[in-house]
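Working notes, structure below.
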Amino acid sequence: MKEQVIAVLDIGKTNKKVIIYNMQLQVQEQMSTVIGEVTSEAGLKLEQPEVVYAWFCQVLRQLSPKFDIVAISVTTHGAMGVCLDDNGNISCPPLAYTNEPGTVFDNSFYERFGSRAELQDQTATAQIGEMVNFAKMIFYWNENYPSQMAQTKYILMYPQYFGYKLTGQIAAEPTMLGCHSYLYDHENNTYSRLAAELGVADKLPRRIANSWEILGVVTPELVSDTAVNPACVVTIGVHDSNSSLLPYLLTQTDDFLLNSSGTWCVVMKPAHEIAFDQNEIGKTVFYNQDVFNRPVKTSVFMGGLEYETYMGLLKQMHGRSDLPALDDRLYGQLFETADCFILPSVVKGAGMFPDIQARVVDDGEVIPFDRYSSNPAIIKFFANYELAVAALTASLVLQTYCAMEAAGYSPGDQIFIEGGFRFNQPYLQLLSAMCPGSEICTTDIEQATALGAALLALAALQGKSPDQLEVALMINRLAVNKPDGFDMIESYRQKFLSLVQMEGSLR
């Protein structure tokens, strides 16, 4: 008899994964692929949801002879949705959030629907640039594809699109709606006024359900195509960052903060209420909804993209991309001389400093990104590979610390690092030095996002909420050693902030 398992479809911006869990939430198998954006004839960047779905069906065909798949759970990044017509076909271009519609479009959106500050206050959503705010994507469709929007019957967030493909059923859930979309009224757990003002209130699902509820069972067509168990249930779906948060919500009793790192570093701290300080309005600070419909104060920056961009430039110069160990002497010199800085952000409008674009400070000279992006050798300190990586690491740590403060960090909070940065020891050690009152930990969770989604599927199978599950969920924590001798890091941070503020005032 085949073992009963849960299949998690985890859709990142580029990497797509399927992880198979048994009923004890142990990983049995993993498969992955890379499916990125494509560019349309009109020059728009498009996602490929149909290609992703076809790949998932192919994986199900491969796995069904080996496993009895009794539940499917889908988790995706939070800045994507799909328009469907009466026949369930995609009716509008599946725009990637990386499209940049421009200042005129942006201003038109806020003139029409309310200022950035007003919308942040009303929907707990900050402006995050490009088309990350999903309401802007809908507005773009309205303005540029009116006939296709007229044919649109449903607008589904990304996990629910795949749920529809698997079951034929329509629904929505709070973690996606409440994740920087401008579309969610957090106080009343329903759609915000923008849904009506955009003219799509009747196109959004009426059913807003918990992330662990069953959307439906798989369609007969899917069963015929993949040989998956005809009784296989599909959960509603969940936002990836909130999925990665779930294992911690179930196991931590003390105050904690989670940095889920990747292309976007998403810093989250569970909160008791939605409340912005006045100085937070206009910054990239917002509230997510966790799977239990509770607020999570959140800040984001594109840490992974910053890292990959600069490591790519250094590889171009040196032919190497290794990560040197933390050198106390080198970092001490960096902080003491304070004349080498890498300032954010590679993508303007994203992160803690949305008003500026990337620059390097090289021996007092401020050099904009467009001058060195094609010729990194003009930056003198880039000639020293170890020093350049140290400056990059320091920049990422200082951006992380700003994001942590924005998310409500208090000294003494437990800090967990998930994702790619948990393997970056210099980053971890330097962040630990920045937070002397807190313990910084990595964990033995290999796929926190997928594990959270599997927990939701198990809850659906058992007819319980995730906090009622009878499953042994242990998170083994590995504390990061705190380095000594970095007394000058605070003065380096203050100069970093003054440089960022100065550059922001010049633009």
Side-chain angles (χ1 to χ4, degrees), residues 13 37 40 42-47 49 76-84 90-146 148-150 152 154-158 160-161 172 175-186 191-201 203-204 239 241 263-264 266 281-289 298-302 345 347-351 354-355:
K13 186 68 181 72
E37 300 170 350
S40 72
L44 290 169
K45 292 178 258 187
L46 305 179
E47 297 288 1
T76 78
H77 65 83
M80 177 65 187
V82 179
C83 296
L84 299 177
I90 295 176
S91 53
C92 290
L95 299 173
Y97 70 72
T98 49
N99 284 288
E100 299 182 17
T103 303
V104 172
F105 171 86
D106 247 23
N107 291 340
S108 176
F109 177 87
Y110 291 108
E111 287 168 5
R112 182 87 62 91
F113 301 108
S115 70
R116 293 160 176 81
E118 181 182 354
L119 291 178
Q120 187 172 2
D121 181 62
Q122 291 179 356
T123 68
T125 292
Q127 179 190 8
I128 311 182
E130 300 176 315
M131 288 189 181
V132 175
N133 303 112
F134 185 57
K136 285 187 187 176
M137 195 176 291
I138 294 175
F139 183 53
Y140 190 89
W141 282 323
N142 282 342
E143 294 294 292
N144 294 278
Y145 298 92
Q148 289 92 327
M149 283 297 282
T152 295
Y154 298 115
I155 299 177
L156 301 180
M157 301 301 284
Y158 214 25
Q160 287 74 51
Y161 164 76
T175 69
M176 285 295 296
L177 292 174
C179 136
H180 51 69
S181 72
Y182 287 138
L183 292 174
Y184 198 61
D185 180 338
H186 289 255
Y191 297 111
S192 72
R193 64 173 175 83
L194 264 71
E197 292 178 15
L198 283 162
V200 297
K203 301 179 190 293
L204 294 167
H239 172 224
S241 296
T263 299
W264 288 91
V266 183
I281 299 296
K283 297 182 180 179
T284 315
V285 184
F286 56 97
Y287 285 85
N288 278 321
Q289 288 281 97
T298 306
S299 58
V300 299
F301 69 101
M302 299 191 82
S345 300
V347 177
K348 187 181 177 184
D355 295 331

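- Atom-to-atom distance recorded for Thr298:OG1 and Gln289:CD is 10.0 Å, nearest 0.5 angstrom.
- For the pair Pro94/Met80, a side-chain contact is recorded, criterion being any heavy-atom separation below 4.5 Å from C-beta on.
- Listed for the Thr152 side chain is a donor-acceptor partner under 3.5 Å among the backbone atoms of Gln148.
- Using a 4.5 Å heavy-atom cutoff, the side chains of Tyr161 and Thr76 are not in contact.
- The two residues Met176 and Met157 have their closest heavy-atom pair at O-CE, 3.7 Å.
- The shortest non-hydrogen separation linking Ala135 to Leu183 is CB-CD2, 4.1 Å.
- At a threshold of 4.5 Å between non-hydrogen side-chain atoms, the residues Lys203 and Tyr154 do not count as touching.
- Of the candidates Phe139, Phe134, Phe109, Phe113, Phe109 is the only one forming a ring-ring contact (aromatic ring centres under 6.0 Å, His included) with Tyr182.
- Considering all non-hydrogen atoms of both residues, Glu143 and Pro146 come closest at O-CD, 4.2 Å.
- Ring orientation note: the planes of His180 and Phe286 are nearly perpendicular, at an angle over 60° on the 30°/60° scale.
- Put simply, the side chain of Tyr158 reaches to within 4.5 Å of the side chain of Pro49, judged on heavy atoms.
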| query | Should Met149 and Cys83 be marked as a side chain to side chain contact (heavy atoms under 4.5 Å, CB included) after you check the CA-CA gap, both sets of side-chain angles, and the distance that decides it? | reply | CA-CA 8 Å; Met149 283 297 282; Cys83 296; 4.0 Å; yes
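- Checked by atom type and distance alone, the side chain of Asn142 pairs as donor or acceptor with a backbone atom of Leu198 at under 3.5 Å.
- In this structure, CG on Leu95 lies 8.5 Å from CG on Asn144, to the nearest 0.5 angstrom.
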| query | Could you walk me through whether Val300 and Val132 pass the side chain to side chain contact (heavy atoms under 4.5 Å, CB included) check? | reply | CA-CA 12 Å; Val300 299; Val132 175; over 6 Å; no
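- Side-chain N/O atoms of Tyr97 and Lys136 include no donor and acceptor closer than 3.5 Å.
- Distance SG/Cys92 to CH2/Trp141: 6.0 Å, rounded to 0.5 Å.
- Side-chain atoms of Ser192 and Thr123 include no donor-acceptor pair closer than 3.5 Å.
- Here Leu84 contributes atom CG and Leu156 contributes atom CG; the two are 5.0 Å apart, rounded to the nearest 0.5 Å.
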| request: Apply side chain to side chain contact (heavy atoms under 4.5 Å, CB included) to Met131 and Lys45, showing your working. | output: CA-CA 11 Å; Met131 288 189 181; Lys45 292 178 258 187; over 6 Å; no
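- Tyr191 and Asp185 make their closest contact through O-CB, 3.8 Å (heavy atoms, listed as atom of the first residue, atom of the second, distance).
- A donor atom on one side chain and an acceptor atom on the other are found under 3.5 Å apart for Gln127 and Asp106.
- When side chains are defined from C-beta on, Gln122 does not count as touching His186, because their heavy atoms never get closer than 4.5 Å.
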| task | Evaluate side chain to side chain contact (heavy atoms under 4.5 Å, CB included) for Thr125 paired with Gln120, printing each intermediate quantity in order. | result | CA-CA 5 Å; Thr125 292; Gln120 187 172 2; over 6 Å; no
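- The closest side-chain heavy-atom distance from Arg193 to Leu119 is below 4.5 Å.
- Considering only heavy atoms from C-beta on, Tyr140 comes within 4.5 Å of Pro101 through its side chain.
- With hydrogens and angles ignored, the 3.5 Å screen pairs a side-chain donor or acceptor of Asn99 with a backbone N or O of Ala96.
- Asn133 contributes atom CG, which lies 8.0 Å from atom OG of Ser181 (distance to the nearest 0.5 angstrom).
- Salt bridge annotation for Lys13-Glu37: present, with a cationic side-chain nitrogen under 4.0 angstrom from a carboxylate oxygen.
- Considering OG of Ser40 and CG of Leu46, their distance stands at 4.5 Å, rounded to 0.5 Å.
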